[in-house]
Amino acid sequence: MCAASANISRAAAALLTVASLLAPVASAAEGWFFTLGGGVRNIDVDSNSAVANSLSTDENVVAELGGGFVFSSNLVLEATTTDAVSVTGLFGLGSFEFEDDRVMVGYAFPVSEKFRIVPSVGASFWDFRATTLVFFGPPSTERTMSGTDVVFRLGGEFLAGETFGIYFGYTRAEFDVGDTSSFSVGMRVQF
């Protein structure tokens, strides 16, 4: 066998291996779903932005509520809203809060019968609030911004039955004065 033929054989074998890994083991159950969870969001603000305060990074606890539809082709459409609660901001440090509503499209890659990976991309409609706190002195000041930007999410789902499961996800978005990333976990119910 010549070297070119061997390389073609190896490339074909590699292509078949990748295709078999991405091929659905079983398609996702078609229908509506609901998610409820929470996590931690990290916010990094550009130090030269108008809303920067003594912090350049902040962490918030977030509550996450979502819903969507899974098609028989494994295409996933989802809408999610998050609400942030600042966990920093002591002694004049200030805090950042980033709340967003997302509309995303993704694809559920079944890894096994009970686990699938769901990468998604979409739009984030966000509100950003920067608060400067002063322990002793004048009252705190607050600056707000809002906008729409691209958001990415890499999620996973462990299915415990036909209708119930646990989800986890890493979400990342860049906005006008910085970026945000979050890790979340919660329950997923399919109808």
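As the structure is a computational prediction, the values presented were derived from the model and not from experiment.
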V40 versus F183: any side-chain heavy-atom pair under 4.5 Å? no
Set of side chain to side chain contact (heavy atoms under 4.5 Å, CB included) partners for F69, sequence neighbours left out: E30, W32, F71
Please name all residues satisfying side chain to side chain donor-acceptor pair (under 3.5 Å) with S181, sequence neighbours left out, ordered by chain then number. none
Are S124 and D100 close enough that a side-chain donor and a side-chain acceptor fall under 3.5 Å? yes
Hey, does T144 have a side-chain heavy atom less than 4.5 Å from the side chain of F128? no
Side chain to side chain contact (heavy atoms under 4.5 Å, CB included) filter on F152, not counting sequence neighbours, yields V121, V150
Find out whether V76 and V105 are in side-chain contact, i.e. whether some heavy atom of one side chain is under 4.5 Å from a heavy atom of the other. no
With heavy-atom distances below 4.5 Å as the criterion, would you say the side chains of F34 and L36 are in contact? yes
Check side chain to side chain contact (heavy atoms under 4.5 Å, CB included) between T163 and all other residues, then give those that pass, not counting sequence neighbours. none
Under 3.5 Å donor-acceptor pairs involving side-chain atoms of residues 167-175, not counting sequence neighbours:
| unit_1 | atom_1 | unit_2 | atom_2 | d |
| --- | --- | --- | --- | --- |
| Y167 | OH | E64 | OE1 | 2.7 |
| T171 | OG1 | R153 | NH1 | 2.8 |

Kindly write out the residues that satisfy side chain to side chain donor-acceptor pair (under 3.5 Å) with D127, not counting sequence neighbours, or none if the list is empty. none
For I117, what residues pass the side chain to side chain contact (heavy atoms under 4.5 Å, CB included) criterion, not counting sequence neighbours? V111, F115, P119, L154
What's in the same ILVMFWY side-chain cluster as V103, cut-off under 4.5 Å, chained through other members? F125
Once you round to the nearest 0.5 Å, how far does CG of N42 lie from CG of D179? 8.0 Å
